[in-house]
Amino acid sequence: MDIKRVATDAVTETIVMTVVHMDYKGQVAKRINEKMPLATVKGFRKGQVPKDLVEKQYGKAIKQEEVKKVVDLALERFIQSERLNLLGTPLPKENENFDWDAEELTFEYEIGLVPNFEINLEAENNIVKYIVTADDKLIDGQVERIQKQFGKAIPQEVVAADSDLTGTFSNEEKGINNTTTISVSTFNKAAGDQFIGKKVGDVVAVSTKGLFEDDHQLMDYLKVAHDDVHGLDVEVNFTIEAINGAELAELNQELFDKLFGEGKVASLEDLKAKIKEDAEAQFAQQADQKLLLDVQDFLIESTKFDLPAEFLKKWLQTVGEKKLSAEEAEVEYARSEKGLRFQLIEGKAMAQSNIQITFEDLKAFTTNAIKQQMAQFGQTNPTDEEVQGIVARVLSNQEEVKRLSEQVVAEKLLEVFKEKANPTTKEVTYEEFIAASYGE
């Protein structure tokens, strides 16, 4: 067998394979001999059919099967021996005039190659690393929310600016149908004003765009997926099911112990300090996420390389349960190109920075994530045995391992980016951070 590579351009090639009779005749003959005792042809007893008739009846199909096996194995070994770094999988070129009776059978496979490129993590940039602080306005607001949450609910006839509403957000097209309790003050003012004076049973239509100060709140109140929250602009209905005011809870030791554990908070000043600490830890995660996204955008923009676009569009038509049309593949490629580019850049950055992910890294990351999640549900002091039991169950799920591994990679890359990209540091309030993030 003769195999060679023919370059189309820097990122697309054709593998040409020429198969001769010697490559497959032995296996075909073996298959014919195995078939003879089982062959049935009218006029002959089973097992007594002459070999030439068996070859005539079954030979072509057997030959095609065996040639395919030879070609598939040779193609796999050739890709490995040539150390080809592929995008997608090889696509066979169709030949309407292919002749299975020819002495030499030629097969061609189009391949897309990972491009060669370099990245410069230290290139000049205008990236900002935000240090987000919890100001007095935010802290005081959180204190009031705690007092309302643990205070006494007082039913109201109509909605006022300080009312708490229980109701259901719905949008059939987007699959939104979530019952929640929300304060009117949680909405942005323009949206909140639409509820003033409404009664139980009223339906208020609001736009998701600008509904909250932070788009991420759509995840909490409407149960919108994280990937969908940014820029979501649809109309949702809120059906009011209950309206309550609140008699604020007293800020005393009983409430402090209930919230944080016995003796950990002893005064209003301690409470504010705790709120500030917890809020700024959460803000730091959001700021890190923005930094990572900004660095991604910068690297995608500043790192130039060609992709085998036409090959990938053709390849997209062949993968998945539902085959795509050329037009659908064009749309899918446009949707996924940015992600593919960063995936390649990410791999290069990991190699350049010698980043490796160990099981201990994954276990430590998962343990921390589980503790944070438990704390959100009031379990602030879980035992190590409880945590590790959950970690073991999570890491037994391959899908979870894949998802968490991606997060560990992102975390490690973020540390590299912080060090090498040398972003400008800027201290801001949470409101200023939201404005910088979403241009509001």
Side-chain angles (χ1 to χ4, degrees), residues 132-169 178-189 191-193 195-196 198-200 204 211-214 216-223 238-286 370-383 386-387 429-431 434:
V132 187
T133 61
D135 58 8
D136 290 341
K137 177 183 176 183
L138 185 144
I139 294 171
D140 290 342
Q142 185 61 26
V143 170
E144 184 178 346
R145 277 190 285 274
I146 289 172
Q147 289 182 276
K148 288 180 68 175
Q149 180 181 352
F150 292 92
K152 181 181 178 181
I154 302 173
Q156 296 177 327
E157 292 292 325
V158 296
V159 178
D162 60 352
S163 296
D164 293 329
L165 308 178
T166 297
T168 301
F169 283 107
N178 188 58
T179 300
T180 189
T181 297
I182 185 170
S183 297
V184 173
S185 60
T186 301
F187 296 110
N188 273 337
K189 187 176 185 308
D193 286 347
F195 288 87
I196 305 300
K198 300 297 184 182
K199 298 180 180 181
V200 170
V204 181
L211 185 59
F212 301 111
E213 188 174 86
D214 179 358
H216 287 95
Q217 290 175 282
L218 293 170
M219 297 169 59
D220 300 323
Y221 293 108
L222 278 70
K223 299 304 179 189
F238 185 86
T239 303
I240 301 174
E241 296 161 11
I243 307 168
N244 288 295
E247 181 180 308
L248 299 182
E250 183 180 348
L251 295 173
N252 55 27
Q253 194 60 50
E254 181 183 356
L255 178 59
F256 297 153
D257 290 348
K258 185 176 183 178
L259 286 171
F260 304 106
E262 189 173 348
K264 291 186 177 181
V265 170
S267 65
L268 176 59
E269 289 70 26
D270 288 349
L271 174 61
K272 289 185 175 182
K274 179 63 174 171
I275 291 172
K276 181 178 177 65
E277 177 187 355
D278 291 347
E280 290 181 352
Q282 181 182 354
F283 297 160
Q285 293 179 354
Q286 292 184 35
I370 294 298
K371 286 181 177 179
Q372 289 180 357
Q373 192 172 32
M374 294 177 78
Q376 291 177 357
F377 290 93
Q379 294 177 268
T380 55
N381 294 298
T383 66
E386 288 175 324
V387 174
T429 65
Y430 187 62
E431 285 186 354
I434 292 300

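Residues: numbered from 1 along the sequence shown.
Residues satisfying the side chain to side chain donor-acceptor pair (under 3.5 Å) test with Q253, not counting sequence neighbours, are D257. Scored by the salt bridge (Lys or Arg N to Asp or Glu O under 4.0 Å) test, K199 finds no partners at all (sequence neighbours excluded). With sequence neighbours excluded, the residues forming a side-chain contact (heavy atoms from CB on, under 4.5 Å) with T179 are T168, E241, listed by chain and number. When the ring pair (Phe, Tyr, Trp, His ring centres under 6.0 Å) test is applied to Y221, the partners found at least two apart in sequence or on another chain are F212. Applying the side-chain contact (heavy atoms from CB on, under 4.5 Å) criterion to E254, with sequence neighbours excluded, gives N252. The side-chain contact (heavy atoms from CB on, under 4.5 Å) test applied to A242 returns T166, N244, not counting sequence neighbours. Residues that satisfy the side chain to side chain donor-acceptor pair (under 3.5 Å) test with K137, not counting sequence neighbours, are E431. Partners of E280 by salt bridge (Lys or Arg N to Asp or Glu O under 4.0 Å), not counting sequence neighbours, listed by chain and number: K276. Listed by chain and residue number, K189 satisfy the salt bridge (Lys or Arg N to Asp or Glu O under 4.0 Å) test with D193 (two or more places apart in sequence, or in another chain). Residues passing the side chain to side chain donor-acceptor pair (under 3.5 Å) test with T239, sequence neighbours excluded: none. Among residues two or more places apart in sequence or in another chain, the salt bridge (Lys or Arg N to Asp or Glu O under 4.0 Å) test is passed with K198 by none.
Contact between F256 and L268 at its shortest, heavy atoms only, is CZ-N, 4.1 Å. T133 approaches F283 most closely through the heavy-atom pair O-CE1, 4.2 Å. I139 approaches A134 most closely through the heavy-atom pair CD1-O, 3.6 Å. Closest of all the heavy-atom pairs between I196 and A160 is CD1-C, 3.6 Å. Across L211 and L218, no two heavy atoms sit closer than the pair CD2-CD2, 4.3 Å. Contact between L138 and A279 at its shortest, heavy atoms only, is CD2-CB, 4.3 Å.
Counting only heavy atoms from C-beta outward, the side chains of Q147 and L251 approach each other to under 4.5 Å. V159 is not listed as a side-chain neighbour of V204, based on a closest heavy-atom distance of 4.5 Å or more. Residues L259 and F150 form a side-chain contact, since some pair of their non-hydrogen atoms from C-beta on lies under 4.5 Å apart. Contact of the I243 side chain with the V158 side chain is not registered, since no non-hydrogen atoms from C-beta on lie closer than 4.5 Å. Looking at heavy atoms from C-beta onward, D140 lies in side-chain contact with K272 at the 4.5 angstrom threshold.
A distance of 12.0 Å separates CD1 in I370 from CD in E386, rounded to the nearest 0.5 Å. Atom CD1 of residue I240 and atom CG of residue L165 lie 5.5 Å apart, to the nearest 0.5 angstrom. From I146, atom CD1 reaches atom CD1 of I275 across 4.0 Å, with rounding to the nearest 0.5 Å.
In this structure, F238 and F187 have perpendicular ring planes: the angle between them is above 60°, well past the 30° mark.
At distances below 3.5 Å, not a single donor-acceptor pair connects side-chain atoms of S183 with backbone N or O atoms of T186.
Between the side chains of Q286 and Y430, at least one donor N or O lies within less than 3.5 Å of an accepting N or O.
A side chain to side chain contact (heavy atoms under 4.5 Å, CB included) with T429 holds for exactly one of D135, V132, D136; it is D135.
Pairs of residues two or more places apart, or lying in two chains, that qualify as salt bridge (Lys or Arg N to Asp or Glu O under 4.0 Å) and include a residue from residues 143-164 are K148-D164.
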